Amino acid sequence: QVQLVESGGGLVHPGGSLRLSCAASGLIFSLYVMKWYRQVPGKERELVASVSSGGASTNYADSVKGRFTISRDNAKNTVYLQMSGLKPEDTAVYYCNAVHPLGSKFADYWGQGTQVTVSS
C-alpha cells in the first residue's frame, strides 16, 4: 500500500552537503504534508523540517535553520532535504513522514530511514 523510501544518506565530513530524497507511492502525494525527522540513539525523535502539501510553506527546527532546505516535487511524488554545512550533531537516522490529509491521528506513514553520519 503506502510506501516511503528514503535515499541519499551517507558519510560526510563536517561542512559537507547531502541531499536526501523520499519517494512516495500508494497515496495522493499532493494532499499530504511531508516532514523529515531524525533520531539518535538515546534521544527523542526530532522534527527537522516540514513542507505544506503545495510546497509553498516550510518550517525548520532552529538547529538546522539556514542550513537545510526542504522541498517537494508533486509531479515526482518526492520530497527532498538539502543539507549543507553539516555538523557532527546532525548525525542521525533521517526519516520521511507523510501526514494524512485528515491529520496525523488518522494516519501517519513513515519511511525506513536513511543514515547520515558527519565525522572526520
Side-chain angles (χ1 to χ4, degrees):
Q1 181 63 349
V2 174
Q3 189 172 42
L4 305 177
V5 180
E6 301 99 331
S7 61
L11 174 64
V12 296
H13 294 302
S17 298
L18 283 174
R19 189 196 197 199
L20 306 184
S21 298
C22 172
S25 61
L27 49 72
I28 305 176
F29 181 78
S30 62
L31 298 181
Y32 282 71
V33 173
M34 299 300 298
K35 301 181 178 182
W36 286 97
Y37 286 82
R38 66 187 181 187
Q39 189 163 30
V40 177
K43 295 184 64 178
E44 291 188 353
R45 183 179 57 191
E46 175 188 20
L47 176 61
V48 175
S50 64
V51 60
S52 61
S53 59
S57 180
T58 59
N59 288 283
Y60 300 92
D62 288 342
S63 58
V64 308
K65 201 168 299 180
R67 300 187 297 119
F68 290 12
T69 301
I70 188 171
S71 62
R72 67 192 295 160
D73 186 340
N74 285 347
K76 295 181 178 180
N77 286 5
T78 301
V79 63
Y80 306 94
L81 186 67
Q82 178 67 51
M83 307 183 295
S84 62
L86 284 163
K87 306 174 180 179
E89 50 262 46
D90 295 319
T91 296
V93 177
Y94 284 72
Y95 296 93
C96 179
N97 169 236
V99 180
H100 194 277
L102 295 177
S104 61
K105 293 183 178 180
F106 187 89
D108 257 358
Y109 303 110
W110 296 88
Q112 81 289 347
T114 185
Q115 176 71 48
V116 172
T117 302
V118 185
S119 176
S120 300

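Nothing here was measured: the structure is a model prediction, and the numbers come from that model. Residue numbers start at 1 and run along the sequence shown.
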(request) Check whether any side-chain N or O of S53 sits under 3.5 Å from a backbone N or O of V33 as a donor-acceptor pair, and report yes or no. (result) no
(request) Could you list the residues that satisfy side-chain hydrogen bond (donor to acceptor under 3.5 Å, both in side chains) with Q115, not counting sequence neighbours? (result) T117
(request) Name all pairs fulfilling the disulfide (SG to SG under 2.5 Å) condition that reach into residues 42-89, sequence neighbours left out, sorted by first residue then second. (result) none
(request) Among residues two or more places apart or on two chains, list those pairs meeting salt bridge (Lys or Arg N to Asp or Glu O under 4.0 Å) that have a residue in residues 54-65. (result) D62-K65
(request) Answer yes or no: does atom CD of E89 have more than 12 heavy-atom neighbours from other residues, nucleotides or ligands under 6.0 Å? (result) yes
(message) With a sphere of 6.0 Å drawn around CG of L47, does it hold more than 12 non-hydrogen atoms of other residues, nucleotides or ligands?
(response) yes
(message) Test of understanding: clusters of I, L, V, M, F, W, Y form through side-chain heavy atoms closer than 4.5 Å, transitively. Do V64 and V118 belong to the same one?
(response) yes
(request) Would you list the pairs meeting ring pair (Phe, Tyr, Trp, His ring centres under 6.0 Å) in which at least one residue belongs to residues 60-98, sequence neighbours left out? (result) none
(request) Measure the CE-OG1 distance between M34 and T78 for me, rounded to the nearest 0.5 Å. (result) 9.0 Å
(message) Give me each pair satisfying disulfide (SG to SG under 2.5 Å) with a member in residues 43-75, each pair once, sequence neighbours excluded.
(response) none
(message) Distance check, rounded to the nearest 0.5 Å: D108 atom CG versus N97 atom CG?
(response) 4.5 Å
(request) Measure across A92 and V40 and return the closest heavy-atom pair with its distance rounded to 0.1 Å. (result) CB-CG2, 3.6 Å
(request) Can you sort out the partners of Y32 under ring pair (Phe, Tyr, Trp, His ring centres under 6.0 Å), two or more places apart, ordered by chain and number? (result) H100
(request) Could you list the residues that satisfy side-chain contact (heavy atoms from CB on, under 4.5 Å) with S120, not counting sequence neighbours? (result) P14
Pairs under 3.5 angstrom only: tabulate donor-acceptor contacts from the side chains of residues 1-8 to other protein residues two or more places apart or in another chain.
residue : atom : partner : partner atom : Å
E6      : OE1  : Q112    : N            : 2.8
E6      : OE1  : Q112    : NE2          : 3.3
E6      : OE1  : G113    : N            : 2.9
E6      : OE2  : C96     : N            : 2.7
E6      : OE2  : G113    : N            : 3.3

(request) Find the distance between CG (N77) and OG (S25) and round it off to the nearest 0.5 Å. (result) 8.0 Å
(message) Can a donor-acceptor pair be found, under 3.5 Å and without considering hydrogens, that links the side chain of D73 to the backbone of V79?
(response) no
(message) For a quick test of reading the model, state the closest non-hydrogen atom pair linking V51 to R72 and the distance between them.
(response) O-NH1, 3.6 Å
(request) Please list all pairs passing the salt bridge (Lys or Arg N to Asp or Glu O under 4.0 Å) test where one or both residues lie in residues 27-39, with sequence neighbours left out. (result) R38-E46, R38-D90
(request) Please list all pairs passing the disulfide (SG to SG under 2.5 Å) test where one or both residues lie in residues 40-79, with sequence neighbours left out. (result) none
(request) Any chance you could pull the hydrophobic cluster mates of F106, using side-chain heavy atoms under 4.5 angstrom and chaining through other members? (result) L102
(request) Check the hydrophobic clustering (I, L, V, M, F, W, Y; side-chain heavy atoms under 4.5 Å; chains of links allowed) and say if V93 and W36 are grouped together. (result) no
(message) Return the NE2 to CG distance between H13 and L11, rounded to the nearest 0.5 Å.
(response) 7.0 Å
